[in-house]
Structure formats: C-alpha cells, structure tokens
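To start, the structure under review is shown below, and the notes come after it.
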Amino acid sequence: MKAAILYICTGKYTVFWKEFYESFEKNFLPQTEKTYFVYTDDKKLPYAERENVCIIPQKNLGWPDNTLQRFSLFVREEDRFKDYDYTFFINANFLCVKTVSEEEFLPVAEDLLVAEHASAHGKNPDDMTYDRNPKSLAYVPFGEGQYYVMGGLNGGKTQAYLDMVHKLKANVDTDTANGVVATWHDESHLNRFIIGRTDIKVLPPCFGFPEGWDLPYEATMFIRDKSRYFDVEAVKVGNFPGRIKLYLGRLKSKIAIRVRIRKLINFFKKGA
Ligand code: GAL
C-alpha cells in the first residue's frame, strides 16, 4: 500500500515539520509506504534529503489563503499523487503519538476519510460551527448536518480524494468571486461537502486532540497549540505596517491596564 501525505508549512509553520515527520514515521501506518509532499518556502528543511520526502516550492500566501487555498494547491500538483493508493492531507501542527494501524485508519468500504472536531463531539448539529451564511457555498441551514469535522485531517482513496478536492476548490473560487469567505475557511467547505454522503469514514476526535484541552479520552494525534510556538495574531496580520499597528494596540492596552490598577490602588489608599 502506498500513501501520499500532503503537508503545508510556509513561514513560521516550518517549526512543526521536524517533529511531525518523526512522529508520523514512527507511529503512522507502519505497513504502508509513505511519501511526504511538503509545500514549503523553506530552503533548509530538516529531512528534505530523505527518499520519502518530496519538497514542493510554495510561497507563503498569508492569512487566510494559506488555509483557504489549500485545495487549489493540491489540484495544481495532482499528477504527483495519482500513483498512490491513498492521499491524505494533515495539518502542519499535528503529532502522531500512538501507533495508528492500517485497519483502524484506512477507509476500505468507504472512499473518503475525515475526523470529528473535538469541540463538536456529542453536540446537537444546530450548535455546531457550520457556516450559516447563505451567500457561501459552504452554507449549512439549521436542521442539517450530523458531524462537524476538523479541517486538519482528511483524505481517502486517491481518485475520490482528488475529485473532492476539485469540487471544494471550485466552491472556494466561486465564494471568492462573490466576495465571500466561509467562517472556518476550507474546514467549512469540507463540512458542507460531507453532508448526506455515505462513502465517508468518520474517525473519532482522538485523531485531533487539541494540546492543553481537558478531554475524557487519550490522544492518538495531538494538534499542537500554535501560540506556544509563535505570535499567531502577528502571523495573521502578515505585513509590516499591520504588525506595527498590532504591537502599538497591545502597548496601549497594557498602559491602560496599568493606569486602571494605579487608580484602583489610589482608591483603596484614600479609603483606608
Ligand atoms: C477551533 C479551531 C478552528 C476551527 C474552530 C471551529 O477550535 O481552532 O480552527 O476548527 O474550532 O469551531
């Protein structure tokens, strides 16, 4: 069995690659021949020389395109994946911390694979964070839906997955042309797509256990907390003037807090 693993790490996200690769090599689908297709702008990525690592030069598209445009990145390179039995996309900040066997993971009767979002498990679908904007092609009306799945892990039998990726790229492109961005970007489009389909395997949320959350089950894969590795807001703002504005805003609120504390101290001093 051969599997293509699609991985995107540009800009600050390259910090996750080394441990991602090590943990997936150690624990993920031990009987399967895995090739990692790494979309990156980093010229010196660890393990780049490994036989099962294929570097795809990719410029940093910034926020939110780094996530929203991922289907278009996959379509662009699709010929590379066609010889693989399975293709999976996995988010940069995932870690595979337990052995994941072929039996438990690979869709066999089904074509595609997704994993339930940790925050949605056991919820009423009307309380799930589907896109509720009728102008978006990711729109899910109340009363529809069953699972809310994470955007960070999806895949399937290669042809079925590529068919899905084409469809989702087209939906994102239409939204963009209409000036619409779905609430949770690619994740919202994925969630719209799976509704009513019977060819999809839904993994439990232990396949995307957010680091630091208190949940009543053990992690099979961790989603590392980005804020422990870089300034997430600054990365989202992207450009230099935007970052300066962000830092000035933070400074202002720090000063405001200090002034408030001083006023409070003075109030009590006077009262005493
Ligand atoms: C958050 C997660 C987002 C998105 C959202 C959906 O926990 O960080 O990426 O998945 O849930 O409600």
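Below, each value reflects all heavy atoms present in this structure, side chains not excepted, and no hydrogens, waters or symmetry copies. These numbers come from a predicted model, not from an experiment. We count ligands from 1, going down the list as the structure has it; atoms in each ligand are counted the same way.
Ring planes of Phe74 and Phe71: perpendicular class, angle over 60° (limits at 30 and 60°).
Between Thr67 and Asp186, the side chains place a donor N or O and an acceptor N or O closer than 3.5 Å (distance only, hydrogens not considered).
Counting only residues at least two apart or on different chains, the ring pair (Phe, Tyr, Trp, His ring centres under 6.0 Å) pairs with a member in residues 40-70 are Tyr21-Tyr47, Trp63-His185.
Shortest contact from atom 3 (C) of ligand 1 to any protein heavy atom: Trp184 CZ3, 3.5 Å.
Counting only heavy atoms, the protein never gets under 4.0 Å from atom 8 (O) of ligand 1.
Within 6.0 Å of atom NZ in Lys12, 12 or fewer heavy atoms from other residues, nucleotides or ligands are found, so the atom counts as exposed in its surroundings.
Tyr229 carries Arg224 over the face of its six-membered ring, with the cationic atom under 6.0 Å from the centre and within 45° of the normal.
By the criterion of a heavy-atom distance under 4.0 Å, the side chain of His117, and not its backbone, is placed next to ligand 1.
Of the N or O atoms in Thr129, one or more lie within a sub-3.5 Å distance of an N or O in ligand 1. Between Trp213 and ligand 1, a contact under 3.5 Å exists for no N or O pair. The shortest N or O to N or O distance between Tyr148 and ligand 1 is not under 3.5 Å.
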